[in-house]
Every structure is written in C-alpha cells, then in structure tokens.
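Take a look at the structure set out below.
Only this structure's heavy atoms are used, side chains among them; waters, hydrogens and symmetry mates stay out.
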Amino acid sequence: MLEIRDLTLHYGQSQILHGMSLDAARGEVTAVMGTNGVGKTSLLKAIAGRHPYSGGTIRLDGETLSHPTAYQAARAGIAYVPQGREVFPLMTVQENLETGFACLPRGERGVPGHIFELFPILKEFLGRRGGDLSGGQQQQLAIARALIARPKVLLLDEPTEGIQPNIIQQIGRVIATLRDEGAMAIVLVEQYFDFTWGLADRFTAVTRGEVSLSGKAGEVDRDALLAQVSI
C-alpha cells in the first residue's frame, strides 16, 4: 500500500536520509528501528508532509504523492501520531477528537463508536481538557484523533515513550487490533525492542539515514536486529 523509494531529506546543509526505501502493506505493522538521530522521525515527517524531502518517491495505492503538504497527505489517507503527541492542552478531549474532522466530508464528521471501544477512558473524559490528562491518556487521545479520518496508513512515532506499563500493553493491543482488521498499513517507529519485536510483521533497521537491515518477522534474526538498533 505504501511504497517509499530512494528517499533523501536535508535539514539545511545536513543530509539526514540517504536513499531510504520502505514498503508497508495493509494488514501489517512495519517497524522502523534505530538509535536516536538516525532519521526515523524525519522519515515519518516526510511521509506525513511535515517536512519536505529532497528526492525519491512516495506512493500510496500506486499513486505518486509528489511532495505533499501535511493537509494533502492527510487527505490522501496518511495519519500521523507524532512523538510528544501534540494534544491541544486547552481543548477538551471532544474538541481534540473533532480536529480530526478537517479532512472529512461534512456528512462523515462524527466520532465512530469504535474509537471508544478501543479507548474506553476517552468516553469518560470527553469534557476534560487535554492538558489535564496523564501522558498515557494523551497518547490514547492522539491515536484516537488520528483514527477519526479513517486512514489508509497510520504512522506512529514512539507511542510507548514515557507511558506507564499498563497503558503500553493497551496500546499494543490496539495496534494489533487495527492490524488484524486489515484496513490500514501501520508504520511504527519505536525503541522499546521487546514491544516492537512481539508486534511487528516487518522490520527495517536504520543506521545514519540508511537501511542497514530489513525483512519479515520470522526471517530476521533477533540478535542481529538488536545489534543494529542498540547503542
């Protein structure tokens, strides 16, 4: 569903991505792993239209997305949950969810009940401000907001960062449920190795802006992958 070919990206004079290629299929979790500063977040930002890329191609369902803006990427079906969550702190949970309506036709602007099946706590906290939620609750809100637009591709950047263990387990179950529903491709950037190893269907290790190892679950050696993504 999502095809990245030979992607390059610069911040000023510094080249961050060096010909990155990646495939993410519907009904699968594709993990992108590596140490800090190797370009994982930059890759997601390029796909999501958050930062311009210098060269290469991004295709979704066979259609080329030519240097999309964030809005264009979202309209095409790409949802991005950034590192740090970016919840609006002074808006209620309900209002935060409604910001996901922007790319939907007016007749489809509603919060599906399925969202509250995945994240029951959000239904209880609809009137609570985003800034008053715990880190784990904010992460659930950020993922729920991304799902409002019914994406074809869900990009998750460090969803377990700073989250208590019981919420990490819940987020893992949600990701597995979304994967098993088969409606979207999920690209997961994550440094929590055991969490990712138990969840992903494909692995891509990144070193200095380049793919250093890739393969399907069952084909990738655990120790070899761990060596690639460890400091």
- Message: Are there over 12 heavy-atom neighbours, none belonging to Arg5, within less than 6.0 Å of that residue's CZ?
- Response: yes
- Verify the ring-centre separation between Tyr53 and His10: is it less than 6.0 angstrom? no
- Joint hydrophobic cluster, Val32 plus Leu226, side-chain heavy atoms closer than 4.5 Å: no
- Is a donor on one side and an acceptor on the other found under 3.5 Å between the side chain of Thr99 and the backbone of Asn96? yes
- Message: Between Val81 and Glu86, is there a side-chain heavy-atom distance shorter than 4.5 Å?
- Response: no
- Message: Before you tell me yes or no, could you show the steps for Arg222 and Asp194 under salt bridge (Lys or Arg N to Asp or Glu O under 4.0 Å), namely the whole-Å CA-CA distance, both residues' side-chain angles and the distance that decides it to 0.1 Å?
- Response: CA-CA 10 Å; Arg222 187 183 191 278; Asp194 289 339; 2.6 Å; yes
- Go through Leu2 and Arg59 one step at a time and tell me if the side chain to side chain contact (heavy atoms under 4.5 Å, CB included) criterion holds. CA-CA 6 Å; Leu2 177 69; Arg59 294 190 183 92; over 6 Å; no
- Item | salt bridge (Lys or Arg N to Asp or Glu O under 4.0 Å) pairs, two or more places apart, involving residues 203-215 | none
- Item | Side chains of Met33 and Thr204 in contact at under 4.5 Å (non-hydrogen atoms) | no
- Message: Distance check, rounded to the nearest 0.5 Å: Arg75 atom CZ versus Leu104 atom CG?
- Response: 9.0 Å
- Query: Is it true that a side-chain atom of Arg150 and a backbone atom of Ile148 form a donor plus acceptor pair closer than 3.5 Å?
  - Reply: yes
- Begin from the C-alpha positions of Leu97 and Leu126 and carry the test side chain to side chain contact (heavy atoms under 4.5 Å, CB included) through to its verdict. CA-CA 9 Å; Leu97 291 172; Leu126 284 175; 4.1 Å; yes
- Within a strict 4.5 Å, meaning less than it, do heavy atoms of the Leu65 and Ile58 side chains meet? yes
- Note on the structure: Distance col, row His18:NE2 vs Thr8:OG1, nearest 0.5 angstrom, shows 9.0 Å
- Note on the structure: All heavy atoms of Pro151 vs all of Met184, minimum pair found to be O-CB, 3.6 Å
- Query: Is it true that Ile168 and Ile143 fall in one hydrophobic cluster, defined by side-chain heavy atoms closer than 4.5 Å?
  - Reply: yes
- Task: Is it possible for you to say whether Phe203 and Tyr192 belong to one hydrophobic cluster, with membership spreading through side-chain heavy-atom contacts below 4.5 Å?
- Result: no
- Query: What are the two closest non-hydrogen atoms of Leu199 and Val29, and how far apart are they?
  - Reply: O-CB, 4.0 Å
- Query: Cut-off 3.5 Å, side chains only: do Ser212 and Gln228 have a donor facing an acceptor?
  - Reply: yes
- Message: To the nearest 0.5 Å, what is the distance between NE2 on His51 and CD1 on Ile16?
- Response: 8.5 Å
- Task: Please confirm whether the backbone N or O of Leu17 pairs with a side-chain atom of Gln15, one donor and one acceptor, at under 3.5 Å?
- Result: yes
- Flag, side chain of Gln138 to backbone of Gly130, donor-acceptor distance under 3.5 Å: yes
- Message: Quick one, Leu43 and Ile47 - any side-chain contact, counting heavy atoms below 4.5 Å?
- Response: yes
- Do Asp61 and Arg26 come within less than 4.5 Å of each other through their side chains, counting heavy atoms only? yes
- Distance-minimising heavy-atom pair for Ala200 and Ala31: CB-CB, 3.7 Å
- Query: Hey, is the main chain of Thr69 close enough, under 3.5 Å, to the side chain of Gln72 for a donor-acceptor pair?
  - Reply: yes
- Item | Side chains of Glu3 and Ser21 in contact at under 4.5 Å (non-hydrogen atoms) | no
- Item | Lys/Arg-Asp/Glu bridge criterion (N-O < 4.0 Å) met for Asp157, Arg50 | no
- Treat each ILVMFWY residue as a node, draw an edge where side-chain heavy atoms are under 4.5 Å apart, and state whether Leu22 and Ile78 are in one component. yes
- Query: Given side chains that start at C-beta, do those of Gln139 and Ile171 come closer than 4.5 Å, heavy atoms only?
  - Reply: yes
- Query: Any chance CD of Glu219 has more than 12 other-residue heavy atoms, nucleotides or ligands included, within less than 6.0 Å?
  - Reply: yes
- Message: Apply side chain to side chain contact (heavy atoms under 4.5 Å, CB included) to residues Phe88 and Leu141 and explain how you reach the verdict.
- Response: CA-CA 10 Å; Phe88 296 104; Leu141 175 55; over 6 Å; no
- Task: Carefully, step by step, assess Gln137 and Asp132 under the rule side chain to side chain donor-acceptor pair (under 3.5 Å).
- Result: CA-CA 9 Å; Gln137 292 161 354; Asp132 294 334; over 6 Å; no
- Message: Using every non-hydrogen atom in the two residues, find where Arg109 and Phe101 come nearest and quote the distance to one decimal.
- Response: NE-O, 3.3 Å
- Query: How far does CD of Glu63 sit from OG of Ser66, to the nearest 0.5 angstrom?
  - Reply: 12.5 Å
- Query: Below 4.5 Å, heavy atoms only, C-beta onward: do Lys45 and Tyr80 meet side chain to side chain?
  - Reply: yes
- Query: With a 4.0 Å cut-off, would you call Asp201 and Arg179 a salt bridge?
  - Reply: yes
- Query: What is the minimum heavy-atom distance between Ser214 and Val211, and which atoms define it?
  - Reply: CB-CG1, 4.1 Å
- Message: If hydrophobic clusters are built from ILVMFWY residues whose side chains come within less than 4.5 Å, do Leu156 and Leu60 share one?
- Response: no
- Query: Is any NZ, NE, NH1 or NH2 atom of the basic residue among Arg202 and Glu28 found under 4.0 Å from an Asp or Glu carboxylate oxygen of the other?
  - Reply: yes
- Does any N or O in the side chain of Glu161 come within less than 3.5 Å of the main-chain N or O of Glu158, such that one atom is a donor and the other an acceptor? no
- Give, for atom CD1 of Ile186 and atom CG of Leu155, the distance between the pair rounded to the nearest 0.5 Å. 10.5 Å
- Correct closest heavy-atom pair for Ala25 and Thr30 would be N-OG1, 4.4 Å
- Task: Please step through side chain to side chain contact (heavy atoms under 4.5 Å, CB included) for the pair Val87 and Leu133, ending with a clear verdict.
- Result: CA-CA 10 Å; Val87 164; Leu133 303 182; 5.6 Å; no
- Look up atom OG1 in Thr57 and atom CG in Leu7, then write down how far apart they are to the nearest 0.5 Å. 8.0 Å
- Do any N or O atoms from the side chain of Lys40 and from the backbone of Thr35 form a donor-acceptor pair under 3.5 angstrom? yes
